[in-house]
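For reference, the structure is listed below as structure tokens.
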Number of protein chains: 4
Amino acid sequence: MTAPRGLRADARRNRERVLEAAESVFGEQGASASTEEVARRAGVGIGTVFRHFPTKEALYEAIVVRRLTRLVAEAPAGSDDPRVAFEAFFTRLVEEAAAKKAFADTMAVLSLDVKATAPAVGEEIRRMIGALLEAAQTAGALREDVALPEIMVLLAGACLAAEHTPDPALRKKSLALLFDGLRAGQ
Amino acid sequence: MTAPRGLRADARRNRERVLEAAESVFGEQGASASTEEVARRAGVGIGTVFRHFPTKEALYEAIVVRRLTRLVAEAPAGSDDPRVAFEAFFTRLVEEAAAKKAFADTMAVLSLDVKATAPAVGEEIRRMIGALLEAAQTAGALREDVALPEIMVLLAGACLAAEHTPDPALRKKSLALLFDGLRAGQ
Amino acid sequence: MTAPRGLRADARRNRERVLEAAESVFGEQGASASTEEVARRAGVGIGTVFRHFPTKEALYEAIVVRRLTRLVAEAPAGSDDPRVAFEAFFTRLVEEAAAKKAFADTMAVLSLDVKATAPAVGEEIRRMIGALLEAAQTAGALREDVALPEIMVLLAGACLAAEHTPDPALRKKSLALLFDGLRAGQ
Amino acid sequence: MTAPRGLRADARRNRERVLEAAESVFGEQGASASTEEVARRAGVGIGTVFRHFPTKEALYEAIVVRRLTRLVAEAPAGSDDPRVAFEAFFTRLVEEAAAKKAFADTMAVLSLDVKATAPAVGEEIRRMIGALLEAAQTAGALREDVALPEIMVLLAGACLAAEHTPDPALRKKSLALLFDGLRAGQ
DNA sequence: GATGAATGAGACTTCATTCAT
DNA sequence: TATGAATGAAGTCTCATTCAT
């Protein structure tokens with residue numbers, strides 16, 4: 001789990017503050033931001049950061065997991081139209097990637113190796129997207145010959161590209177093309 | 001442009017070796033690889049690298065330009081079918097990105113700010129892709145309502161995603177979906 | 001000011017050792033001595049030096065301030081004779097410059113731009129010398145038409161020259177001439 | 001000698017250009033200017049600089065000698081009044097030091113170790129200043145109890161201080177005090 | 001002799017990580 | 001447990017000097 005139980009209350013609070021800070025720092029400056037900056041923004045000593053996360057990489061992974069966990073939690077507010085639901089979720093992730101550095105990376109990781117890090121969350125979110133996909137397919141709104149893996153790849157690509165695409169209109173247009181390729185009846 | 005004329009033969013040879021080394025080093029380890037590693041692999045002193053490229057960034061930009069230049073030079077062997085030609089070129093770039101780290105980044109830069117670095121090459125390759133696009137559109141094989149900017153975004157995204165997608169079949173499948181979205185008559 | 005209060009005991013100790021080392025290193029080799037040498041002589045890692053002084057220049061400035069602060073602290077043991085007091089202090093600075101490289105530079109800086117670095121200390125010592133000057137003038141032992149700025153210039157020059165004058169007798173003779181020019185009743 | 005005889009005409013010309021460049025470069029940027037900058041301004045290759053002067057230090061010494069030589073050549077345009085002649089020459093050196101970096105250093109070297117470098121020129125200029133001094137003393141315009149060594153020290157100090165004293169009026173005032181100390185009949 | 005490319009030691013600085021307090 | 005000072009490897013870049021052309 002994200003927040004180990006065996007921790008004293010204050011320790012758990014600190015861990016949370018570090019994650020919060022890390023997310024904002026990495027979100028602004030990318031993964032190359034310094035650990036010290038994270039500690040500073042969290043208002044804790046650098047030692048505290050390393051007590052909770054043995055390496056910088058571990059901290060980074062933790063915020064990946066955290067982001068994914070949150071995505072699962074704030075599950076797609078089910079639209080009635082399955083296609084809309086699917087596309088809305090997809091779009092939301094892309095926009096998040098455009099707004100926050102290193103988020104696209106998080107999504108890229110999803111197609112790759114969350115397994116190694118946090119199998120559970122990775123699986124969960126994958127299952128979630130899978131469900132949205134299937135629902136849309138069942139409703140006849142998405143091609144039947146599309147499976148989750150390629151969706152994940154497209155999603156990752158869209159997020160990564162969004163990070164380099166400041167113009168919202170252009171992001172929207174590109175996404176539209178992408179969705180067109182997924183639509184049924186071609 | 002890549003290899004200035006006024007250079008002595010041996011200097012030009014060394015410059016070439018440095019670029020070669022840089023391309024392979026960055027290709028393997030990404031842009032964060034050390035300049036020292038580049039020098040080592042080129043078999044020259046670190047000072048030689050910095051004589052030719054005053055900054056690490058300058059070196060990196062040089063290999064970006066070099067890659068683009070090479071892409072232009074090895075222009076798409078014109079297939080008779082404009083759609084095939086377009087997709088073949090697109091695919092080739094994606095495969096290159098899958099093989100070499102930091103190449104995707106090169107492509108991403110194309111959608112963004114080659115202008116600042118090497119306006120000429122950037123424009124050239126953009127024009128090239130634009131020509132392929134138009135030809136396919138004229139032939140009625142690609143949607144008319146698609147313009148270069150969004151193509152560049154999709155290309156960048158595909159390349160970036162490919163970097164994280166080791167499975168060639170998966171890359172192919174994803175690309176196919178992308179192409180479907182671009183096809184005419186939807 | 002030199003040693004911030006908020007520092008842990010060990011940190012303050014280290015900071016002191018670094019300053020001590022810097023003073024001796026710069027004193028022997030001049031301002032071009034390497035920071036690494038300072039670290040070595042202080043018996044700390046190079047990182048420690050840079051933690052306390054973010055820049056080599058900052059370190060150098062710190063020892064300038066330190067020297068001045070010490071000069072103020074070890075204020076001229078008030079002689080009864082104002083002229084003697086003035087000349088004694090002047091002489092002492094010159095002798096210090098003869099013994100330690102880069103000290104003359106410190107004095108030169110006094111005529112110039114301590115303002116930028118450490119306005120407080122600079123002003124303090126300037127006031128101090130000004131007081132000695134005035135006292136001597138009031139006592140009728142120094143010309144009335146001499147003001148602080150030219151005294152500072154003479155002082156800087158004497159210190160700088162002393163750095164190149166190993167012979168103490170020669171330094172003394174030169175200083176004597178200088179004092180003669182300052183004496184009243186010409 | 002400054003310009004060795006056994007040199008081909010073009011070589012001697014090059015040597016001259018290097019010296020010229022070195023003097024202006026060091027004059028502007030001080031002794032820490034780079035040798036490459038000297039070569040650039042001389043319009044020769046860096047190799048040429050090192051062919052004529054085996055080390056940077058040798059080059060630096062050469063321009064010291066050159067300056068001194070020139071001082072001797074442009075000997076003090078004998079004023080009728082020996083005191084005026086002496087002070088004019090002194091002042092001229094100080095003003096030169098104020099205008100050109102590293103010139104003061106040249107003067108400082110005079111009190112010190114030209115012997116090692118260029119005994120001849122050093123001696124010559126020392127003799128020259130000595131002559132001015134004696135003439136003034138003979139005319140009863142300068143104290144009898146002053147000898148050349150202390151004059152050299154005062155001169156060096158004045159030059160070094162001038163380098164840090166941008167205000168001409170302040171330089172003048174300081175010099176005047178200095179001259180007062182040298183005047184006879186105190 | 002002239003050139004300028006190559007060299008590589010060394011300078012400053014950053015930062016993940018460790019450890020004494 | 002928390003702190004933040006200490007560490008030192010590693011990185012980028014400069015520059016005096018050498019040497020092949």
Side-chain angles (χ1 to χ4, degrees), chain A residues 7-8 10-11 14-15 18 32-40 43-59, chain B residues 6-15 18 32-39 42-59, chain C residues 6-15 18 32-39 42-57 59, chain D residues 7-12 14-15 32-40 43-59:
Chain A
L7 246 44
R8 269 167 28 187
D10 59 340
N14 266 347
R15 191 190 147 92
V18 169
S32 69
S34 89
T35 312
E36 201 113 15
E37 171 66 21
V38 172
R40 202 173 309 128
V44 303
I46 181 73
T48 302
V49 175
F50 276 90
R51 161 163 288 271
H52 286 290
F53 308 95
T55 63
K56 183 186 180 176
E57 209 192 339
L59 172 59
Chain B
L7 241 45
R8 261 162 37 183
D10 58 340
R12 202 148 69 228
R13 195 162 42 245
N14 261 349
R15 191 191 147 94
V18 168
S32 70
S34 92
T35 310
E36 212 128 357
E37 172 65 20
V38 171
V44 303
I46 183 71
T48 301
V49 175
F50 277 93
R51 158 169 278 266
H52 287 290
F53 309 95
T55 294
K56 183 188 177 172
E57 207 191 342
L59 174 57
Chain C
L7 242 44
R8 261 162 36 184
D10 57 342
R12 202 149 71 228
R13 193 159 46 241
N14 262 348
R15 193 191 146 93
V18 168
S32 70
S34 92
T35 309
E36 213 127 357
E37 170 67 21
V38 172
V44 304
I46 182 70
T48 300
V49 176
F50 277 91
R51 158 169 279 266
H52 287 289
F53 308 95
T55 295
K56 183 189 177 170
E57 210 191 339
L59 174 58
Chain D
L7 246 43
R8 270 166 30 186
D10 59 339
R12 203 150 68 230
N14 266 345
R15 191 189 146 92
S32 71
S34 88
T35 313
E36 201 114 15
E37 172 66 20
V38 171
R40 203 174 306 127
V44 303
I46 179 74
T48 301
V49 174
F50 275 90
R51 161 163 286 272
H52 287 291
F53 309 94
T55 65
K56 184 186 178 175
E57 208 192 340
L59 172 58

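Order of the sequence lines fixes the chain letters, A, B, ..., with proteins taken first and strands second; residue numbering starts at 1 for each chain.
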Exercise for the section: Specify the closest pair of heavy atoms between A:Val38 and A:Val18, including all atoms of both residues, with the distance to one decimal. Expected result: CG1-O, 3.9 Å

Fill in the blank from the handout: d(B:His52 NE2, B:Leu59 CG) to nearest 0.5 Å is 11.0 Å

Handout entry: Spacing of D:Arg40 atom CZ relative to F:dA16 atom P, expressed in whole Å
Key = 11 Å

Handout entry: Distance below 4.0 Å between B:Asn14 side-chain N/O and E:dA5 OP1 or OP2
Key = no

Problem - Distance in angstrom units between B:Phe53 CZ and F:dT14 C1', rounded - result: 18 Å

Practice task
Considering just the side-chain nitrogens and oxygens of B:Arg51, establish if one lies under 4.0 Å of OP1 or OP2 belonging to E:dA6.
Solution key: no

Handout entry: Straight-line distance of A:Ile46 CD1 to A:Arg40 CZ, nearest 0.5 Å
Key = 9.0 Å

Look for any protein N or O under 3.5 Å of an N or O in nucleotides 17-21 of chain F and output each such pair with its distance, or none.
from	atom 1	to	atom 2	distance (Å)
F:dT17	OP2	D:Lys56	N	2.8

Completion exercise
On a heavy-atom basis, the closest approach of D:Val49 and D:Ala39 is CG2-CB, 3.7 Å

Completion exercise
DNA chain E in dot-bracket form (Watson-Crick or G-U pairs under 3.5 Å, [ ] crossing, | inter-strand) is .||||||||||||||||||||

Problem - Listed nucleotide nearest any side-chain atom of C:Thr48, set E:dG4, F:dA6, E:dA16 - result: F:dA6

Practice task
Kindly give the heavy-atom pair with the smallest separation between A:Lys56 and A:Phe50, and that separation in Å.
Solution key: N-CE2, 4.2 Å

Practice task
For the pair B:Thr55 (side chain) and B:Ala58 (backbone), establish whether a donor and an acceptor sit closer than 3.5 Å, ignoring hydrogens and angles.
Solution key: no

Handout entry: Gap between atoms NE2 and C1', on B:His52 and E:dA6 respectively (whole Å)
Key = 8 Å

Problem - Student check: side-chain heavy atoms of B:Arg13 and B:Asp10 closer than 4.5 Å - result: yes

